[in-house]
Each structure stands twice: as C-alpha cells, then as structure tokens.
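First up is the structure itself, then whatever we jot down about it.
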Amino acid sequence: MEAFAHRLIRWQRAHGRHDLPWQGGDAYRVWLSEIMLQQTQVATVIPYFRRFISSFPDVATLASASVDDVLAHWSGLGYYARGRNLHKAAQLIMQQHAGQFPQSMQLIETLPGVGRSTAAAVAALAFHQQHAILDGNVKRVLARWKGIAGWPGEKQVEEKLWQLAESLLPEQAGGKQHIAIYTQALMDLGATVCTRGKPSCDRCPVNADCIAKAEQRTAQLPTPRPKKIIPEKHATFLLLLHGSDILLQKRPEQGIWGGLWCPPQLDDGQGVVEDYLALHGWQVAERSELPEFSHAFTHFKLHLTPVVLRVQEKPGRMEQAESMWLDVGEALLAGIPTPVRKMLQQLGGEILI
DNA sequence: AAGCCGGGGAT
DNA sequence: ATCCCAGGCTT
C-alpha cells in the first residue's frame, strides 16, 4: 500500500484548498493565520485576516502599532490574549531577531502565544521544515485512521497522537519539499472530508486502511470531551451617556476580555446601581433599561442587563481603571467584545429616538 | 492535570 | 441546545 503521506499529498493537489488568503504568503502571514485559526474556524477568520493584513502588512508595522489598535482589529474574534501576544511577539521579533522572522521551530516556539503545533505549522508551511502538527483536524483524522480511543485532551492520548503524527511525515526524497503540501493536506482533509458529523469516507484518500471506517466507529472517534456543567452568572452594564458619548473603561489584562474597552460592570452581589452612582457622585437625569440578553463563554454563561444612564456632567475623575468618553460611533471602532458591540448598536437606535 | 480564555459555524 | 474549531497559558 502506498504511504499515508503520499496518498494525502496526491489528494491535496487534486482536491485540497488552494485559495485561502494566507496560502503562498510569507512567514508573517502564515504565523498570523495560525494564531487567528486557533480554536476558530476558517470562515470566521478570513475577513479578520484581510483587515489585519491591510492595516499591518508586516512585522515592523505590527510592532510599531499600539496594542489598542491591534485589539480593535481583534474585536469580535475572541480569545483576546492571542491579539496581545501577537503584538508582543512582533516587538520581540524586531528587538531580538532584527526584524527577521525566526526560522527554526525551536525559536518560533519561544514567541508568546505559539505552542508546539503552531510552531510546527509555521516551520512546515513557511520554511518547509520536517515537523508534525497536531491540531483539532489532525487529531480527528489520526484518531479515526489508527482507531485511537480516549479523549485527546488526556495527556496519554495526546502523546500517542503526537507519536503517530511524527511517524507519518513524508519521506524527504531527493530534496523535494513535500512537507508544506502534506501539512495542508492533513488540515484540508479534516476540514472537508473527515468532518466531525458525517465524514465523506467515499472521498477519503486513506479509507482503504482506516480503522474507524472498517469498524464503523467514525461516530465514536475521536472520543468526545467529558461533559461539564456550566455555571451561570448575572451582571449589569452601566451605559453612562453624555450627549452621544459613552463611558468606557479598559479591563485589566488578566481575566475575561483582558485589555478591551467595556462600560462599567456591576457583577452579581456587587451592590445596586444607585449605590454605584452615589459612590461616584454622578447625577443621573434619565434612566432606562435595554432588554436583558445572555452571552455564552466556554466555562460560564453570562446574563447581562444594560442600564442606560444619562448624566448631567462628565465626571472629572474616575477610579483606578483607565477610562474614556467616546462617541458611540467611535466606540464601535475600538477594541470591544461582542456583547458590548451588541449593546452599542442598540444604543445607536435609542439615541436617535 | 485541570482551569481559563470568545465567538461562531455546523448540526 | 450541543459540540468543537489550524491551542496556549497559568495554576
């Protein structure tokens, strides 16, 4: 039987994806795409990638930008530590690598936000170096093909998958560079053929010796993550308005939405709105509420109530958190999380009334 | 090893 | 409603 890698490479040439916006790009673009694609699907990433490259076409431009500007481009993509780490890494490349992208997997992996799989992907795709990746697609393809049971989040299962991934790398024959197309093939196969729901085994180049297919276990492999009960929390967002301006505060780097701009937030059990207003000496001329809505995170669900508060004067001094008043239209261009975007868009309609 | 960190596509 | 996606970092 023809080697696993060879079958994937031939399949990739005929049936793989060849028009993704980062394909054929330099190491910077490959790196950026890999970071954006962490836990994020291709269709979601594409418009973000285009806007990002348009504003920050190279490492030097990214490094000299403000982290606020970077996070504004990341707004809505989630996992904002990725954006902060990306910016830090760009500055590190300028200072410690003289602006040249590091060219070995070992060096690439030292960049903040880059782990083993991402470093291997950049090394293989951009520099044609012989390294194995192990992302969600590859875990699914390999777990099925080799019939590996157990949740890949378990250390032992993941180690088995890494070993298998290493063992399946294409031979380096005659100096030919197959590793990039092979790496792309694994990801494309997982994304378009060996899908989670109903895999198209008929179109798979390695169906002849796939354990899961032979034993009709594709629906059981890979073993799903154990279920967890997600706690629910409640919070109030204070939409302080002065004319068409709204007050936003910068969130601390650690914690949810780190480094992003949000209205003041009152969590469950942190007192009532009246006390908060009195504490800051704000005179509210008008108060109303927008409809409550909920926002789901990986590890909890947040029910939030937006309270619109029109103030007479902008307070001169705020508390510890860095804050600013922005026109609602301008605020939509800042680094804000998705629920804040939703509230501001509702507000846009309210203000005109 | 387990928890933290977003948002959305697919079903 | 549920699962999980081109994962990495912190504890």
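So that the names make sense, note that chain A is the first sequence line, chain B the second, and so on, each numbered from 1. As the structure is a computational prediction, the values presented were derived from the model and not from experiment.
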Sugar-phosphate, base or nothing in reach of A/E158, heavy atoms under 4.0 Å: nothing
N/O donor-acceptor pair, side chain A/S117 with base C/dG8, under 3.5 angstrom: no
Distance below 4.0 Å between A/W151 side-chain N/O and B/dA2 OP1 or OP2: no
Length of the CZ-P vector between A/R144 and C/dC4, whole Å: 11 Å
Protein-nucleotide distance (A/I229, atom CD1; B/dG3, atom C1'), rounded to Å: 16 Å
Sugar-phosphate only, base, or nothing, as touched by A/V114 at under 4.0 Å among non-hydrogen atoms: sugar-phosphate
A/K227 side-chain N/O to C/dC3 phosphate OP1/OP2 under 4.0 Å: yes
A/K155 NZ to B/dG3 P, straight-line distance once rounded to whole Å: 16 Å
C/dG8 and B/dG9, which share atom name P, separated by this distance in whole Å: 23 Å
Sugar-phosphate only, base, or nothing, as touched by A/P226 at under 4.0 Å among non-hydrogen atoms: nothing
Salt bridge flag under 4.0 Å for residues A/D188 and A/R17: yes
Given DNA chain B, 5'-ward residue of the pair A/T195 and A/W257, judged by closest heavy atom: A/W257
Side-chain N or O of A/Q41 closer than 4.0 Å to phosphate OP1/OP2 of B/dG8: no
Distance between P atoms of C/dG7 and B/dA10 (Å, rounded): 16 Å
A/R116/A/E166 salt bridge by N-O under 4.0 Å criterion: yes
Under-4.0 Å salt bridge between A/R84 and A/E253: yes
Spacing of A/W162 atom CH2 relative to C/dA6 atom P, expressed in whole Å: 15 Å
Comparing A/W22 and A/N85 on DNA chain C - which has the more 5′ nearest nucleotide: A/W22
Sugar-phosphate only, base, or nothing, as touched by A/R140 at under 4.0 Å among non-hydrogen atoms: sugar-phosphate
Presence of donor-acceptor pair under 3.5 Å, side chain of A/T338 and base of B/dG7: no
Touch class at under 4.0 angstrom, heavy-atom based, for A/Y79 against every strand present: base
Separation of atom CD in A/Q254 from atom C1' in B/dC4, rounded to whole Å: 13 Å
Donor/acceptor link under 3.5 angstrom from A/R225 side chain onto base of B/dA2: no
Separation of atom CD1 in A/I108 from atom P in C/dG8, rounded to whole Å: 12 Å
Sugar-phosphate only, base, or nothing, as touched by A/G197 at under 4.0 Å among non-hydrogen atoms: nothing
Lys/Arg-Asp/Glu bridge criterion (N-O < 4.0 Å) met for A/R7, A/D209: yes
Sugar-phosphate, base or nothing in reach of A/L77, heavy atoms under 4.0 Å: base
Sugar-phosphate only, base, or nothing, as touched by A/T118 at under 4.0 Å among non-hydrogen atoms: sugar-phosphate
Side-chain ion pair, A/E274 and A/R287, N-O less than 4.0 Å: yes
Atom pair distance, as rounded to whole Å: CZ in A/R82 and C1' in B/dC5: 10 Å
Touch class at under 4.0 angstrom, heavy-atom based, for A/G76 against every strand present: sugar-phosphate
Quiz item: A/R196 side-chain donor-acceptor pair to C/dC4 base, under 3.5 Å: no
Closest listed nucleotide, where the reference is the side chain of A/P337 and the choices are C/dA6, C/dG7, B/dG7: B/dG7
Under 4.0 angstrom between A/H299 side-chain N/O and B/dG3 OP1 or OP2: no
C1'-based separation of B/dC5 from C/dC4 [nearest Å]: 15 Å
Sugar-phosphate only, base, or nothing, as touched by A/L32 at under 4.0 Å among non-hydrogen atoms: nothing
Sugar-phosphate, base or nothing in reach of A/G190, heavy atoms under 4.0 Å: nothing
Distance test, side-chain N/O of A/H295 to OP1/OP2 of B/dG7, below 4.0 Å: yes
Aromatic ring pairing A/H303/A/H234, orientation class (parallel under 30°, perpendicular over 60°, tilted between): parallel
Single-linkage hydrophobic cluster A/L260~A/Y79, side-chain heavy atoms < 4.5 angstrom: no
Sugar-phosphate, base or nothing in reach of A/T40, heavy atoms under 4.0 Å: base
B/dG6 to C/dC3 separation - C1' atoms, rounded to the nearest Å: 15 Å
For atom CE of A/M187 and atom P of C/dC4, their distance in whole Å: 21 Å
A/F52/A/Y48 aromatic ring centres below 6.0 Å: no
Pairwise P distance, B/dT11 and C/dA6 [rounded to whole Å]: 13 Å
